[in-house]
Structures are given as structure tokens and as C-alpha cells.
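Reviewing the structure listed below.
Every number for a ligand or one of its atoms is a count from 1 in the order of the listing.
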Amino acid sequence: MTHPFLDLAPLTAARFAAIERRVAALLATEQDVVITQGEALLPLEGCIRGAAHPGSTALNVVTGPYGQTFGNWLRDCGAHVVDLEVPFHTAVSAEDVDRALSEHPEIDFVSLVHAEAATGNTNPVAEIGEVVRRHGALFMLDAVASVGAEPLLPDAWGVDLCVIGAQKAMGGPAGVSAVSVSERAWARIAANPKAPRRSYLSLLDWKERWIDGGRKALPHAPAQLEMLALEACVERIEAAGLDTVTARHASAAAATRAGASALGGGLEPYVHEARDAAPVATTLRTPEGVDASELVAEALAADPALPLIAGGGALAKEMIRVNHYGADATPAAVRGSLVALGAALGATGREVDTAAALKAVSQTW
Ligand SMILES: *Cc1c(COP(=O)(O)O)cnc(C)c1O
């Protein structure tokens with residue numbers, strides 16, 4: 001019996017290289033793109049373990065939970081870590097980064113998350129990149145939640161290591177990711193005796209065994225399903241137009257923000273300023289006395305297909321995430337989410353105006 005997932009022909013090196021070229025085009029990068037066959041934490045960890053070592057000093061910008069993870073890896077590598085933390089309801093500014101770099105001239109590596117799906121904020125990477133370049137540090141960006149949802153220009157912004165994943169705005173599976181690597185980053189990793197080698201975490205292995213050989217022979221059998229899905233993601237974005245896809249995410253975020261404010265009932269955008277709010281997902285703060293995970297459970301009971309989830313960890317009590325990305329970057333998903341949240345809030349005795357919320361959505365989209 002044939003099955004769409006089974007008995008697949010091996011993916012050829014030529015096809016693999018072609019998918020890498022399309023990902024590079026999506027990122028408008030001239031740098032080497034390495035596709036990593038695993039969830040995006042694989043290349044993120046590979047970048048940090050490749051670049052960080054005892055004696056190096058890293059500026060780790062923390063605007064959400066992923067920044068905390070990076071700090072742990074950096075310390076694990078023996079690097080000295082300067083953490084620049086900002087409250088999760090805001091974004092870091094280029095001035096904040098500039099100040100930290102001036103106070104610690106020894107910083108030679110900067111890690112930053114572009115957009116945080118978990119907290120709903122986005123950081124001004126273009127301005128930060130300018131500051132980092134002036135200082136001369138290597139610049140790593142986690143763009144998993146921004147790719148496809150907002151402009152992402154690693155070359156123009158001076159990003160040395162730009163990591164993306166397929167599972168957010170690209171609408172793909174979680175098992176495939178990619179990283180663009182600048183010449184500077186390759187040199188830094190090659191000079192690091194602590195960088196992983198002959199390891200699944202090694203970017204250098206891919207350079208030596210795949211890229212330097214002209215992308216003729218793959219180091220191991222590629223994960224066909226994930227590669228085919230990544231190719232399909234990129235193809236779909238190319239067909240719709242990247243600008244159209246990012247505009248859809250921007251509209252979804254603006255409409256959710258406006259709709260939630262109009263809904264009332266004490267629900268508020270979690271990220272205070274609209275300019276700091278990520279297009280990929282909108283986070284909302286529940287009113288005092290309303291548990292976010294209970295509210296989400298109630299809304300999902302009405303419609304399990306809605307892209308709603310409570311915040312992670314300690315945020316589960318107070319934060320709702322509207323994950324309006326990929327196939328859910330639609331007016332229907334935004335409206336449905338607000339209607340369901342409105343009904344659940346109304347059931348707690350709070351006054352909500354669902355009609356006003358829906359009007360705000362149609363006016364904003
Ligand atoms: C989603 C996301 C990732 C991928 O991590 P998961 O926990 O597997 O979803 C990495 N970085 C950022 C900023 C993300 O939003």
C-alpha cells in the first residue's frame with residue numbers, strides 16, 4: 001500500500017543544495033546557508049558552542065525565555081556572560097546594547113532573539129546590528145519567530161549567525177531549521193578549539209564536508225520528510241510573495257491588539273507599546289483575578305482549533321498567547337479568538353463588548 005510519508009526516494013544532494021539556495025534567497029543573504037535537520041534549538045546550540053569559549057565575553061540580551069537558554073549554554077562553554085535583561089512587556093533598544101558594549105569593551109559575541117513568540121515582543125535588529133558592528137563583536141540572531149512574519153535582512157543588518165525554523169510563520173514542521181553563517185563567523189568557529197567537531201552540533205563539519213566540497217556529497221542521509229516540507233514552505237511563500245505573507249502577520253497582530261483593547265473586560269495587550277509587539281503572535285494580559293490558563297481552556301472548549309495558549313511557566317496565570325502565525329494569520333482566526341475569549345471573560349461576570357472587538361478587527365486589518 002502506498003503512503004505519502006513512507007517509501008520515499010532518498011533526497012539528492014542537488015535537491016538539498018537547491019533548497020538551501022531558496023532559503024538563502026528568502027533571507028536575502030549571500031552568506032553560506034546550512035540547513036540543520038532538527039528543531040531550531042539544534043543550530044542555536046551549534047552556533048553558541050561553535051563561537052563561545054573560555055576567555056570570550058558574551059553579551060546575552062534577554063527579552064524572553066530563549067535568551068535565558070542562550071545564557072546557560074554560553075556559561076556552559078566557559079564564556080563570561082553579561083546578561084542584558086529587559087522586562088518581557090517591552091523590547092531592548094540599540095541604546096541599551098550600546099551602553100552594555102561601552103561598559104564591557106571585551107565583549108566579542110552578542111546573542112539576541114529577534115521576535116519572541118513566548119512573550120510577544122520584537123527587537124529593533126537593524127539598529128542593534130549597527131551598534132554591534134561598530135563595536136566589532138560577532139552577532140547571533142534567533143529569527144525563528146520572525147522569519148516570514150516580519151522583515152528579516154541578516155546581511156544588511158550585520159548578522160553573522162542567523163537561525164531560522166520552519167515551525168512558526170513559515171507554517172512548516174518543527175523538525176527542520178537553518179542558519180546563515182558569515183565569513184567572520186566561520187573564521188571564529190574554526191579558530192575555536194572548543195567548537196564541536198565530528199558532532200551533530202558541529203556547523204564546521206557541514207562546512208568542511210558539504211560546503212567546501214561544492215555541495216556534492218551529503219555527510220549523511222537527509223531527513224526527507226522535513227526537507228520536502230521545508231521546500232514546500234519556501235515554495236508557498238515565494239508563490240504568495242514574502243511581502244504579502246509578512247503583511248498578513250502584521251495585520252493579524254495589529255487587529256488582535258486593537259480587538260483585545262476594544263473587547264474590554266480587563267484584557268490588555270501584554271506588550272505595552274505597539275512598536276515592540278511581534279507580528280508573529282500577540283500576547284494579552286488577563287485582568288486581576290482571572291487565570292489565563294483557565295480562560296484559554298474555556299475558550300478552547302468552545303473551539304479547539306483556535307490558536308490560543310496560555311503563557312509558559314509563571315506566565316500561565318496572567319498571559320494569553322494568540323499564535324496568529326502561518327495558516328492562522330487570518331481575520332477568521334483573530335475574530336474567532338476574540339469571540340471565544342470574550343465569551344469566556346463574560347462568563348466570569350466581566351463586561352465585554354464583542355461587537356466592538358469585531359469592528360476594531362475589521363477596521364484594523
Ligand atoms: C519558537 C521559537 C523557537 C523554537 O523553539 P520551540 O520551543 O521548539 O518552539 C526558538 N526561538 C524562538 C524565539 C522561538 O519563538
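- The closest side-chain donor-acceptor pair between S93 and D96 falls under 3.5 angstrom.
- Counting atoms of ligand 1 from 1 in the listed order, those under 4.0 Å from a heavy atom of A145 are 15 (O).
- Of all atoms in ligand 1, numbered sequentially from 1 with element shown, those under 4.0 Å from a heavy atom of A117 are 15 (O).
- Note: the hydrophobic cluster containing I309 does not contain Y270 (ILVMFWY, side chain heavy atoms under 4.5 Å, direct or indirect links).
- Inter-residue side-chain proximity for D32 and W210 is flagged as unmet; no heavy-atom pair is nearer than 4.5 Å.
- Ligand 1 is approached by Q167 to a heavy-atom distance shorter than 4.0 Å.
- Heavy-atom proximity to A115, at under 4.0 Å, picks out these atoms of ligand 1: 13 (C).
- Counting the atoms of ligand 1 from 1 in the order shown, those under 4.0 Å from a heavy atom of V113 are 13 (C).
- The option from V144, T69, D142 that lies nearest to atom 13 (C) of ligand 1, judged by heavy atoms, is D142.
- The nearest protein atom to atom 1 (C) of ligand 1, hydrogens excluded, is given as K168 NZ, 1.3 Å; this is a heavy-atom distance.
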S56 vs F109, test: side chain to side chain contact (heavy atoms under 4.5 Å, CB included). Steps then yes/no. CA-CA 8 Å; S56 72; F109 181 89; 5.8 Å; no

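- Closest heavy-atom approach to atom 7 (O) of ligand 1 within the set F70, Y66, Y325: this belongs to Y66.
- Here the heavy atom of the protein found nearest to atom 8 (O) of ligand 1 is E39 OE2, 2.5 Å.
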Could you walk me through whether D160 and R188 pass salt bridge (Lys or Arg N to Asp or Glu O under 4.0 Å), step by step? CA-CA 10 Å; D160 293 293; R188 168 80 171 254; over 6 Å; no

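- Looking at every heavy atom in both residues, M140 comes nearest to C47 through SD-CB, 3.6 Å.
- Linking ILVMFWY residues whenever their side-chain heavy atoms come closer than 4.5 Å, directly or via other members, places V110 and L203 in the same cluster.
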